[in-house]
Structure formats: C-alpha cells, structure tokens
Participant: 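Below is a structure I'd like to ask you about.
Hydrogens, waters and symmetry mates play no part in the numbers below; they use all other heavy atoms, side chains included.
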Amino acid sequence: MAGRLLIRALKGGENTKIVTLNGKKMTKMPSTLEKLPGLRTLNLQNNLIPKVCSEIRTLTQFQNLKLREFYCEENPLLLKQPVVAAMKQDVWSLQEITSRFIMNQLAEKDPFLMQAIEGYPEVRNTISKGRRCSICGELFLTTWMECVEFVSPSKDWKISRNLQLVPLQVLICSFSCFDKRGRNLFGIAEVQSK
C-alpha cells in the first residue's frame with residue numbers, strides 16, 4: 001500500500017505537495033522523496049523507521065526541499081534510554097573565565113566596565129556571542145552542553161493532534177547546572193554502538 005502511494009506521488013513530480021505515509025509499517029524512509037522538489041508536507045507518523053537514511057538527511061535539513069511541515073512522531077528515531085554521564089571537573093579557558101565575568105558584570109550595568117569596553121570593539125564582538133544558561137541564568141561564551149527539554153506545545157501552533165510534547169534546545173553553562181536540571185531536561189550525546 002505504501003509503495004502504491006509513493007509511486008503515485010512520484011508520478012506527480014514537481015506538482016506533488018503532500019505525501020502522507022503514516023501508519024504503513026514502513027521500516028525505512030523512502031529515499032525517492034528527494035525526487036519531489038515541490039514537496040511541502042511530509043507525514044511519516046506511526047511507522048517503524050529506526051533511523052534517517054543518508055539520502056533523506058539532506059532533505060530533513062530542508063536545503064533541497066522547501067518543507068513546511070514534517071511529521072515523524074511515533075517512530076523509533078531516538079534512543080529513549082538514559083545514559084549516565086560521568087561528572088567532569090569544569091576547566092574553562094582564561095578567555096571563557098574573563099568573558100563570563102565581563103558579560104555578567106555588564107548585565108548588571110557596571111558603569112566602569114560599560115565605559116571601559118567602548119574602546120575595544122574586538123572584545124564587544126566576542127562577548128556579543130554570549131548565551132544565557134537556562135538553569136542558573138548566568139551568561140557564558142562557550143556552550144558546555146546542549147540539551148533538549150520536552151514541553152507541551154502552545155495551543156496556537158499548527159501541529160498534529162496527537163503531539164503531546166515538543167523538543168526545545170536548551171544550552172547550559174556547566175556540569176553543576178546540568179546536575180540541577182529538571183526531570184524533562186536531557187543532555188544530547190552521541191552514543192557509539194557496541
């Protein structure tokens with residue numbers, strides 16, 4: 001059945017805007033989707049797809065296709081088993097230590113630093129790249145860890161009705177902040193298969 005739907009979509013070529021292959025017990029993503037440059041909505045929900053195939057990786061970055069909607073809920077794409085992280089001592093470079101100090105003092109409107117930084121455009125450029133830690137609220141330059149937090153979607157978002165949680169990117173500044181995280185915040189790590 002999925003094969004017939006895909007063949008019909010491929011016959012439409014550039015005119016195919018929507019491909020719906022949800023609940024078809026597919027075990028891999030169809031690599032032929034790259035032949036549909038007009039595709040705007042791709043629905044692969046409720047299948048058995050364990051990984052993104054190499055041909056589709058570029059498409060899911062939305063470089064070749066101008067996808068507006070992509071649904072892939074209820075596929076085993078993510079490993080849902082927690083991995084224990086070994087606590088590591090935070091060792092920051094001198095630039096990171098200095099940048100954190102300056103950015104946090106500037107956030108408190110320190111008049112001496114605000115005046116002193118005016119003459120150093122390269123310092124202003126460097127600290128303009130700072131981010132705020134989602135746990136402690138302090139500013140930092142180098143991301144210590146990228147995390148994902150699962151939150152309930154807003155009522156005015158256009159999403160699938162059965163989507164209950166949405167992943168949001170969260171950046172944190174140190175292991176001590178990671179250790180204080182809530183139960184819906186997870187560190188992103190690449191795990192090698194054994």
Side-chain angles (χ1 to χ4, degrees), residues 29 44-45 47-54 56-63 67 69-110 112-114 116-117 120 122-160 162-194:
M29 288 187 174
L44 297 173
Q45 296 179 116
N47 282 293
L48 305 169
I49 302 169
K51 65 180 181 176
V52 177
C53 67
S54 58
I56 298 296
R57 275 198 189 126
T58 56
L59 303 181
T60 56
Q61 294 170 4
F62 311 120
Q63 293 171 346
L67 281 176
E69 298 177 45
F70 178 57
Y71 302 101
C72 62
E73 298 90 0
E74 299 303 320
N75 281 291
L77 290 171
L78 297 174
L79 181 64
K80 296 177 183 175
Q81 297 173 339
V83 176
V84 177
M87 184 173 159
K88 294 182 180 177
Q89 184 67 31
D90 294 326
V91 180
W92 299 325
S93 67
L94 183 56
Q95 180 183 18
E96 180 68 22
I97 294 168
T98 307
S99 297
R100 285 182 182 215
F101 176 78
I102 292 171
M103 287 186 296
N104 287 299
Q105 291 300 310
L106 287 173
E108 293 178 14
K109 308 279 190 232
D110 182 311
F112 174 75
L113 274 177
M114 291 177 83
I117 202 140
Y120 296 95
E122 65 278 354
V123 173
R124 282 196 325 255
N125 182 43
T126 299
I127 63 174
S128 71
K129 297 176 179 93
R131 305 271 180 108
R132 192 169 294 279
C133 178
S134 296
I135 307 293
C136 70
E138 294 288 312
L139 292 161
F140 63 95
L141 188 60
T142 306
T143 301
W144 182 82
M145 179 179 270
E146 182 179 6
C147 297
V148 65
E149 181 175 18
F150 294 94
V151 298
S152 298
S154 173
K155 300 247 187 273
D156 41 328
W157 289 357
K158 183 180 178 181
I159 56 171
S160 170
N162 61 353
L163 183 64
Q164 296 172 2
L165 296 174
V166 177
L168 296 178
Q169 180 188 44
V170 174
L171 302 176
I172 59 174
C173 69
S174 64
F175 189 84
S176 60
C177 282
F178 181 69
D179 207 27
K180 296 174 191 170
R181 74 194 184 282
R183 63 185 190 99
N184 275 345
L185 187 73
F186 301 92
I188 298 173
E190 188 173 322
V191 179
Q192 301 296 324
S193 334
K194 293 181 181 180

Participant: Find the distance between CD1 (I127) and CD (E122) and round it off to the nearest 0.5 Å.
Facilitator: 11.0 Å

Participant: Return the minimal non-hydrogen interatomic distance between L44 and N75, and the atom names on each side.
Facilitator: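 Reported closest heavy-atom pair: O-ND2, 2.7 Å.
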
Participant: Please give me the minimum heavy-atom distance between S174 and W92, naming the atom from each residue.
Facilitator: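 Answer, listing the atom of S174 first, then W92: CB-CZ2, 4.1 Å.
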
Participant: Rounded to the nearest 0.5 Å, what's the gap from NZ on K109 to CG on L106? Could you check?
Facilitator: 8.5 Å

Participant: For residues 130-141, which side-chain N or O atoms pair as donor and acceptor with protein atoms under 3.5 Å away, sequence neighbours left out?
Facilitator:
from, atom 1, to, atom 2, distance (Å)
R132, NH1, G137, O, 2.5
E138, OE1, N104, ND2, 3.3

Participant: Suppose we screen for side chain to side chain contact (heavy atoms under 4.5 Å, CB included). Which residues come up paired with Q169, at least two apart in sequence or across chains?
Facilitator: E146, L171

Participant: To the nearest 0.5 Å, what is the distance between CG (L113) and CZ (F101)?
Facilitator: 6.0 Å

Participant: Going through the checks in order, is the side-chain contact (heavy atoms from CB on, under 4.5 Å) test met by Q95 and T126?
Facilitator: CA-CA 10 Å; Q95 180 183 18; T126 299; 3.4 Å; yes

Participant: Can you list everything that forms a salt bridge (charged side-chain N to carboxylate O under 4.0 Å, His left out) with R100? Sequence neighbours excluded, please.
Facilitator: E96

Participant: Indicate the atoms forming the closest heavy-atom contact of N47 with P76, along with that distance.
Facilitator: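 That would be O-CD, 4.0 Å.
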
Participant: Is any side-chain heavy atom of C147 closer than 4.5 Å to one of F186?
Facilitator: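 Side-chain contact under 4.5 Å: no.
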
Participant: For a quick test of reading the model, state the closest non-hydrogen atom pair linking L185 to R181 and the distance between them.
Facilitator: O-NE, 3.2 Å

Participant: Atom CD1 in I172, atom NZ in K180: separation rounded to 0.5 Å?
Facilitator: 11.0 Å

Participant: Which residues satisfy the side chain to side chain contact (heavy atoms under 4.5 Å, CB included) test with V151, sequence neighbours excluded?
Facilitator: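 Scan of V151 (side chain to side chain contact (heavy atoms under 4.5 Å, CB included), adjacent residues dropped) gives E149, L168.
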
